[in-house]
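Presented below is the structure to which this report refers.
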Amino acid sequence: MHAPPTAPRSAPRRHRRSKALGFAALAVSLLMAVPTAQTAFGEESQQVRAVPGGGDLGPNVHVFDPSTPDIQGKVDEIFKKQESAQFGLDRYALLFKPGTYDNINAQIGFYTSIAGLGLNPNDTTFNGDVTVDAGWFDGNATQNFWRSAENLTLNPVSGTNRWAVSQAAPFRRMHVKGGLNLAPDGYGWASGGYIADSKIDGQVGPYSQQQWYTRDSSVGGWGNGVWNMTFSGVEGAPANSFPEPPYTTLDTTPISREKPFLYLDGADYKVFVPEKRENARGTSWANGTPAGESIPLDQFYVVKEGADAATINAAVEQGLHLLFTPGVYHIDETINIDRPDTVALGIGLATIIPDNGVTAIKVGDVDGVKLAGLLVDAGPVNSETLIEVGPENASADHSANPTSLQDVFVRIGGAGPGKATTSIVVNSDDTIIDHTWVWRADHGEGWGWETNRADYGVRVNGDDVLATGLFVEHFNKYDVEWYGERGRTIFFQNEKAYDAPNQAAIQNGDTKGYAAYRVDDSVKQHEGWGMGSYCYYNVDPTIIQEHGFKAPVKPGVKFHSLIVVSLGGNGQYEHVINDVGSPTSGPDTIPSQVVNFP
């Protein structure tokens with residue numbers, strides 16, 4: 001839980017870790033969570049019968065094998081529907097069985113995921129491309145959101161595959177036997193993006209990409225950088241050189257765990273759950289089968305459109321995991337995940353909408369929950385929170401088996417009116433936040449300074465939380481607040497809210513504006529790498545933002561490669577962090593300032 005908006009923002013840290021309490025809580029949770037198919041008298045449990053596991057994947061999942069007729073025609077049909085459907089309701093997953101597919105150009109539009117069904121990306125090969133371009137938006141790729149590519153090998157027809165995306169468009173477990181172009185045709189604007197666990201044999205060409213984060217991968221080279229290119233655990237990454245060129249490079253990623261994924265074991269669907277890695281470098285699959293656990297589909301409740309929260313919760317209570325098939329799910333009560341090691345995996349940008357102001361998802365203070373591949377869309381009635389990881393005052397030690405959020409996206413407005421006071425609250429220690437885009441809409445339907453009011457984006461109360469690929473934008477007050485100790489962020493991308501009506505609307509006491517990323521004064525240790533905040537106050541270009549970042553001045557608080565940017569001089573930053581860094585200035589350019597801290 002978070003403090004109410006009127007509470008002091010510098011409230012002290014509310015707990016220290018108690019490992020003894022943590023282990024006790026875990027033991028109780030494990031005892032409560034064991035699913036039993038029979039009673040002590042040998043009769044099948046009524047609860048287990050209530051929600052069966054397994055089954056088909058529903059009408060919005062299209063499964064292909066190399067003998068499927070007219071694959072290109074089907075892929076083109078879906079793309080035609082989804083190319084410009086930025087706020088549409090259709091959701092699709094295109095799944096390809098292991099094998100080789102010739103002469104394929106799979107263009108990927110909104111709310112479409114494409115993935116191979118092998119255990120290794122090299123099991124499913126396209127002699128062709130998986131393409132994202134921006135013809136629908138006149139060559140501007142800054143709104144190419146909500147789509148994904150996973151677990152495929154590509155032999156691009158031209159030698160280079162084009163993946164011109166911006167936020168919420170992950171490129172995971174991909175092997176490109178050639179180059180990768182991250183810009184649209186014509187080199188128009190782009191504002192992505194994220195690559196993980198992938199091998200690009202040739203060069204990656206960002207061209208017009210403003211920022212990008214690549215994790216635990218291998219590249220044959222990297223072409224250029226605009227503002228913020230960040231790498232951790234990437235073989236072939238350019239040397240650290242921020243700000244010229246703007247490369248921030250870490251040799252390894254301190255802690256990572258790849259996203260769970262659906263695959264075929266013979267004729268049987270299973271979900272593979274990769275193991276946690278420490279100080280990772282390169283892909284998890286370079287030497288063959290990655291380390292991890294396979295879970296048969298019959299241990300999952302396969303959630304399809306029309307399912308309600310009560311049924312989803314009953315499935316979790318009886319010991320099932322969750323596989324959300326492509327669709328939009330309206331819920332009238334919170335989805336509660338209190339069982340250790342539960343997997344809640346969405347495919348095809350499965351979308352959860354809380355209709356009556358409830359929190360969409362709450363995770364208990366338990367080990368190893370995996371939330372992945374989900375979009376939470378705020379409803380018209382204000383939710384105090386949308387996702388909570390751990391209850392208030394969570395204290396268990398999860399360092400051996402942390403909870404992870406991967407490709408978990410939040411949207412407030414855009415598809416219609418939506419409100420939420422705080423989008424994501426992380427109370428559990430050791431949580432991994434691996435690629436999230438938390439977005440208060442600046443276009444579409446149902447947006448405006450009060451129409452889609454959302455004061456806070458992400459609040460971290462837990463200790464030892466790691467964020468890799470943190471994208472948070474446009475909140476009315478703080479975009480990120482960090483209260484936990486020993487927090488770390490590798491890559492942060494932010495834009496302050498465009499639509500602030502005037503200086504008074506963002507005034508924070510004596511401070512001009514709310515920092516994009518604020519570390520509480522009580523925190524003793526915190527570290528960040530490759531972090532940028534941009535302003536574009538187009539309603540009132542005279543607005544002054546005092547700083548992009550705020551943090552206590554202490555030996556254990558460190559930031560590497562910070563940047564603030566004024567887009568076209570619409571609004572200005574006086575400093576980068578606290579009172580450090582020169583002002584941005586100039587109405588006709590894109591002025592920026594960079595610092596390390598301290």
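Just the heavy atoms: all of them, side chains too, but no hydrogens, waters or symmetry mates, feed the values below.
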Just do the ring-ring contact (aromatic ring centres under 6.0 Å, His included) check on Trp439 and Phe475 with the steps written out, would you? CA-CA 8 Å; Trp439 184 62; Phe475 285 83; 9.9 Å; no

| Could you walk me through whether Tyr517 and His526 pass the ring-ring contact (aromatic ring centres under 6.0 Å, His included) check? | CA-CA 12 Å; Tyr517 189 105; His526 189 90; 5.7 Å; yes

request  = Output, in order, the C-alpha distance, side-chain angles, deciding distance and verdict of side-chain contact (heavy atoms from CB on, under 4.5 Å) for Val328 and Ile353.
outcome  = CA-CA 7 Å; Val328 177; Ile353 303 176; 3.6 Å; yes

Arg162 vs Asp185, test: side-chain contact (heavy atoms from CB on, under 4.5 Å). Steps then yes/no.
CA-CA 9 Å; Arg162 186 185 303 277; Asp185 187 27; 4.1 Å; yes

| message | For a side-chain contact (heavy atoms from CB on, under 4.5 Å) check, start with the C-alpha distance between Ile544 and Tyr573, then their side-chain angles and the critical distance, and finish with the verdict. | response | CA-CA 6 Å; Ile544 301 296; Tyr573 291 92; over 6 Å; no

Inset, instruction - For ring-ring contact (aromatic ring centres under 6.0 Å, His included), just list the numbers for Trp222 and Phe231, CA-CA rounded to whole Å, side-chain angles, deciding distance to a tenth of an Å, and then say yes or no. - result: CA-CA 11 Å; Trp222 194 269; Phe231 310 84; 4.8 Å; yes

### Message
Let's go through His435 and Phe491 carefully: what are the C-alpha distance in whole Å and the side-chain angles of both, what is the deciding distance for ring-ring contact (aromatic ring centres under 6.0 Å, His included) to 0.1 Å, and is it a yes or a no?
### Response
CA-CA 10 Å; His435 190 223; Phe491 183 88; 9.2 Å; no

Check your understanding: Between Glu495 and Leu567, does a side-chain contact (heavy atoms from CB on, under 4.5 Å) hold up when you go through it step by step?
Key -> CA-CA 10 Å; Glu495 289 178 353; Leu567 298 172; 4.3 Å; yes

Check your understanding: Does the salt bridge (Lys or Arg N to Asp or Glu O under 4.0 Å) test come out yes or no for Glu150 and Arg173, once each step is laid out?
Key -> CA-CA 5 Å; Glu150 299 185 44; Arg173 294 179 56 78; over 6 Å; no

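Remark: Ile432 CD1 to Leu466 CG distance equals 6.5 Å, nearest 0.5 Å. Distance check, rounded to the nearest 0.5 Å: OG1 of Thr468 to CZ of Arg488 gives 10.5 Å. Atom CD1 of residue Ile424 and atom CG of residue Leu386 lie 8.0 Å apart, to the nearest 0.5 angstrom. Rounding to the nearest 0.5 Å gives a distance of 8.0 Å between NE2 of His443 and OG1 of Thr142. With rounding to the nearest 0.5 Å, the separation of OG1 in Thr249 from CE in Met229 is 11.5 Å. In this structure, Lys81 NZ and Asp90 CG are separated by 4.5 Å, a value rounded to the nearest 0.5 Å.
With a 4.5 Å cut-off on side-chain heavy atoms, Ser148 and Ile114 do not count as touching. By the 4.5 Å heavy-atom criterion applied to side chains, Ile255 and Thr253 are not counted as neighbours. Within the 4.5 Å cutoff, the side chain of Gln406 has heavy atoms near those of the Arg172 side chain. The closest side-chain heavy-atom distance from Ile335 to Lys362 is not below 4.5 Å. By the 4.5 Å heavy-atom criterion applied to side chains, Glu527 and Phe559 are not counted as neighbours. Tyr483 is listed as a side-chain neighbour of Arg459, based on a closest heavy-atom distance under 4.5 Å. Residues Gln107 and Val130 are not in side-chain contact: their nearest non-hydrogen atoms beyond the backbone lie 4.5 Å or more apart.
In summary, the aromatic rings of Tyr194 and Phe171 are positioned with their centroids too far apart to meet the 6.0 Å limit.
Looking at Ser198 and Ser217, their side chains never bring a donor and an acceptor atom within 3.5 Å of each other. When only modelled atom types and interatomic distance are considered, Ser428 and Asp430 share no side-chain donor-acceptor pair under 3.5 Å. Between the side chains of Gln167 and Gln493, at least one donor N or O sits under 3.5 Å from an acceptor N or O. A donor-acceptor pair shorter than 3.5 Å can be found between the side chains of Arg257 and Ser404. Residues Tyr213 and Ser232 have side chains that bring a donor and an acceptor to within less than 3.5 angstrom of each other. A donor-acceptor contact closer than 3.5 angstrom links the side chains of Thr351 and Arg91. A donor and an acceptor atom, one from each side chain of Asn461 and Asn427, are located under 3.5 Å apart.
Nearest heavy-atom pair, Ala190 versus Ser166, reported as atom, atom and distance to 0.1 Å: C-OG, 3.9 Å. Heavy atoms only, all atoms of each residue included: Glu485 and Ser522 are closest at OE2-O, 3.7 Å. The two residues Trp449 and Arg440 make their nearest non-hydrogen contact at CA-NH2, 3.4 Å.
With hydrogens and angles ignored, the 3.5 Å screen pairs a side-chain donor or acceptor of Gln209 with a backbone N or O of Gly192. Using modelled atom types, no side-chain atom of Tyr207 and backbone atom of Gly188 make a donor-acceptor pair closer than 3.5 Å. A donor-acceptor pair is defined here as one N or O able to donate and one able to accept, closer than 3.5 Å; such a pair exists between the side chain of Glu546 and the backbone of Lys512. At least one donor-acceptor pair under 3.5 Å links the side chain of Gln593 to the backbone N or O of Pro583. A donor-acceptor distance shorter than 3.5 angstrom exists from the side chain of Lys496 to the backbone of Tyr514, with no hydrogens or angles considered. With hydrogens and angles disregarded, a donor-acceptor distance shorter than 3.5 Å links the side chain of Asn494 to the backbone of Val472. The main-chain N or O of Val358 is found under 3.5 Å from a side-chain atom of Ser383 such that the two form a donor-acceptor pair. Looking only at distances, a side-chain donor or acceptor of Asn144 sits under 3.5 Å from a matching main-chain atom of Ala164. Side-chain atoms of Asn476 come within 3.5 Å of backbone N or O of Ala454 as a donor-acceptor pair. Side-chain atoms of Asn452 never come within 3.5 Å of backbone atoms of Gly418 as a donor-acceptor pair (strictly under, hydrogens ignored).
Each of Phe409, Tyr92, Trp437 was checked for a ring pair (Phe, Tyr, Trp, His ring centres under 6.0 Å) with Trp146, and the lone residue meeting it is Trp437. His560 pairs with exactly one of Phe492, Tyr247, Trp529 by the ring pair (Phe, Tyr, Trp, His ring centres under 6.0 Å) rule, that one being Trp529.
Taking the six-membered ring for Trp and thresholds of 30 and 60 degrees, Tyr456 and Tyr478 have nearly parallel ring planes, at less than 30 degrees apart.
Heavy atoms from other residues, nucleotides or ligands lying under 6.0 Å from CD of Gln507 number more than 12. Within 6.0 Å of CH2 on Trp227 lie more than 12 heavy atoms contributed by other residues, nucleotides or ligands.
Using a cutoff of 4.0 Å between basic side-chain nitrogens and carboxylate oxygens, Asp434 and Arg215 are scored as salt-bridged.
Listed by chain and number, the residues in a side chain to side chain donor-acceptor pair (under 3.5 Å) with Asp355 are His330 (sequence neighbours excluded). Residues passing the side chain to side chain donor-acceptor pair (under 3.5 Å) test with Asp540, sequence neighbours excluded: Thr542. Tyr536 is linked by a ring-ring contact (aromatic ring centres under 6.0 Å, His included) to Tyr498, counting only residues two or more places apart in sequence or in another chain.
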